[in-house]
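The structure appears right after this line, and notes come after that.
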Amino acid sequence: MSDPAQEPDRDRRPGTVTAAGVVTLVMAGLATLGFGVAAVMVVTSSGDGGGDGGGDGQAMADFVGAVAGLLAVWSLVAVVLAVFAMRRSQVARVLLVVSAAVVALLSLVALASVVSLVTLLGAVAVIVLLFTGGAQDWYAARGAPQQRQESPPPVQPRS
């Protein structure tokens with residue numbers, strides 16, 4: 001017989017999921033801000049360079065601005081995924097893990113800087129937290145019919 005006091009805990013979000021969401025919100029929020037500012041700065045300053053105003057320098061500035069903008073959008077998407085993952089979306093959880101895995105791989109490639117180490121550790125933490133501390137059971141319980149031990153067994157028809 002199950003303890004009725006433990007029934008509400010089935011729907012309570014595990015602390016590991018909350019921690020993964022908070023890590024993502026902080027890291028991706030900072031990345032969104034940083035990449036967004038960088039994109040705006042590159043795009044607005046690319047016409048001020050003097051000289052011929054075009055050529056390879058302009059192409060490079062456009063490329064850097066586009067990459068920074070793309071990374072800002074990716075970071076913003078990670079924020080949205082974190083919110084949905086904390087609201088028990090299995091799809092958001094999987095997409096957030098994929099995003100964090102890509103961040104971890106990119107951070108490994110650029111491990112020469114301290115910033116890359118921070119993003120690597122944050123990404124690995126998110127992946128681990130989304131699969132530990134009861135997270136697996138919590139996500140699995142979404143949409144599952146709530147069964148109570150107090151209900152009588154089904155009645156078998158008599159032959």
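For the numbers below, each heavy atom of this structure counts, side chains included, while hydrogens, waters and symmetry mates do not.
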Taking every non-hydrogen atom, the tightest pair across [X] and [Y]:
X      : Y      : answer
Val79  : Gly29  : CG2-N, 3.9 Å
Ser75  : Phe35  : OG-CD1, 4.1 Å
Gly122 : Val23  : O-CG1, 3.8 Å
Ala85  : Trp138 : O-CZ3, 3.7 Å
Thr24  : Ala82  : CG2-CB, 3.6 Å
Val126 : Ala20  : CG2-O, 3.7 Å

From [atom1] ([X]) to [atom2] ([Y]), nearest 0.5 Å:
X      : Y      : atom1 : atom2 : answer
Thr132 : Ile127 : OG1   : CD1   : 12.0 Å
Tyr139 : Arg13  : OH    : CZ    : 8.5 Å
Leu25  : Leu30  : CG    : CG    : 10.5 Å
Leu81  : Arg93  : CG    : CZ    : 13.5 Å

- Query: Does Val124 belong to the same Ile/Leu/Val/Met/Phe/Trp/Tyr cluster as Leu117, with side-chain heavy atoms less than 4.5 Å apart forming each link?
  - Reply: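 Val124 and Leu117: one cluster.
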- Item | Single-linkage hydrophobic cluster, 4.5 Å side-chain cutoff, Met41 and Leu33 together |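 Yes, because Met41 and Leu33 connect within a single hydrophobic cluster, where side-chain heavy atoms sit under 4.5 Å apart.
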- Query: Does some side-chain heavy atom of Met27 sit less than 4.5 Å from a side-chain heavy atom of Val118?
  - Reply: yes
- Message: Is any side-chain heavy atom of Val128 closer than 4.5 Å to one of Thr16?
- Response: no
- For Phe63, does the CZ atom have more than 12 heavy-atom neighbours from other residues, nucleotides or ligands under 6.0 Å away? no
- Message: Checking side-chain contact (heavy atoms from CB on, under 4.5 Å) between Val42 and each of Asp62, Val67, Val64, Val37, which is the one that passes?
- Response: Val64
Result block: side-chain N/O donor-acceptor pairs under 3.5 angstrom for residues 94-110, not counting sequence neighbours:
residue, atom, partner, partner atom, Å
Ser99, OG, Trp74, NE1, 2.9
Ser107, OG, Val103, O, 2.8
Ser107, OG, Thr119, OG1, 2.5

